[in-house]
Amino acid sequence: QVQVQESGGGSVQAGESLRLSCSPSAYRYQRRCIGWFRQFPGKEREGVAVMSTGAGDTYYTDSVKGRFIISHDDGTVFLQMNNLNVDDSAMYYCAASRPFRECLSTWYETSAYDYWGQGTQVTVSS
C-alpha cells in the first residue's frame, strides 16, 4: 500500500506562484506514474501533469503547458505552478499508480492511478 501526501496549497494573487509537494511512500524504489490532478467544484478530476519515475517522462494538459513544471527530488514530486490565474483555483490531488503498471498512455484519466492523496486547495484571486 502506497501512502500519498500532498502539501503546499494556499491562496495567492493572479500572476504569483505556488509549489505543491507529493511524497508517495516507496516512490524511489518502484517504477510508477505520479500524477497531479485538480478538481473544480461540481466537476470531475482532470489530469494536470504526470511523471514516470522510470524514464522520467513528463506530460501536461494544454492549459498549464509553459506555466507548470513537474519534477522530483529525493522521493518527493513537485508541481511548480507559475503565473497562476483564477482558472487554476481548484483542489489539487497527487496520485500514484501501482508499480510497473502501464499508465502514461492514459495518464490524464483517474483510472490510471491506484493511490490518491487527500488533496490540497489552491485559490487564486484577481
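Along the sequence shown, residues carry numbers from 1.
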Judged by atom type as modelled, is there a donor-acceptor pair below 3.5 Å linking the side chain of [X] to the main-chain atoms of [Y]?
{"X": "D114", "Y": "R98", "answer": "yes"}
{"X": "Y113", "Y": "W107", "answer": "yes"}
{"X": "E16", "Y": "L84", "answer": "no"}
{"X": "S52", "Y": "D57", "answer": "no"}
{"X": "E6", "Y": "C94", "answer": "yes"}
{"X": "Y92", "Y": "G8", "answer": "no"}

Can you name the closest pair of heavy atoms from [X] and [Y] and give their distance?
{"X": "S97", "Y": "C103", "result": "OG-SG, 3.8 Å"}
{"X": "V86", "Y": "S126", "result": "CG1-N, 3.7 Å"}
{"X": "S125", "Y": "Q13", "result": "OG-NE2, 3.2 Å"}
{"X": "L104", "Y": "C33", "result": "CD2-SG, 3.7 Å"}
{"X": "Q39", "Y": "A90", "result": "O-CB, 3.4 Å"}

- Message: Is it the case that over 12 heavy atoms from other parts of the model lie below 6.0 angstrom from the CD atom of E44?
- Response: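 Atom CD in E44 is not crowded, with 12 or fewer foreign heavy atoms closer than 6.0 Å.
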
- Message: For Q118, is the CD atom crowded, meaning more than 12 foreign heavy atoms sit under 6.0 Å from it?
- Response: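 Not more than 12 within 6.0 Å, no.
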
Is there side-chain contact between [X] and [Y], with at least one heavy-atom pair below 4.5 Å?
{"X": "L20", "Y": "V122", "value": "yes"}
{"X": "E46", "Y": "R38", "value": "yes"}
{"X": "S17", "Y": "Q80", "value": "yes"}
{"X": "N85", "Y": "R67", "value": "yes"}
{"X": "W116", "Y": "T110", "value": "yes"}
{"X": "S7", "Y": "T120", "value": "no"}
{"X": "I70", "Y": "Y60", "value": "yes"}

Would [X] and [Y] show up in the same hydrophobic cluster when neighbours are defined by side-chain heavy atoms closer than 4.5 Å?
{"X": "I34", "Y": "L79", "result": "yes"}
{"X": "F37", "Y": "Y115", "result": "no"}
{"X": "Y59", "Y": "M51", "result": "no"}
{"X": "L18", "Y": "V77", "result": "yes"}
{"X": "V64", "Y": "V12", "result": "yes"}

- Below 6.0 angstrom between ring centroids: does that apply to W36 and F68?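 Aromatic pair excluded; centres sit 6.0 Å or further apart.
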
- Give the C-alpha distance, both sets of side-chain angles, the deciding distance and a yes or no for side-chain contact (heavy atoms from CB on, under 4.5 Å) between F78 and D73. CA-CA 8 Å; F78 302 99; D73 181 31; 3.8 Å; yes

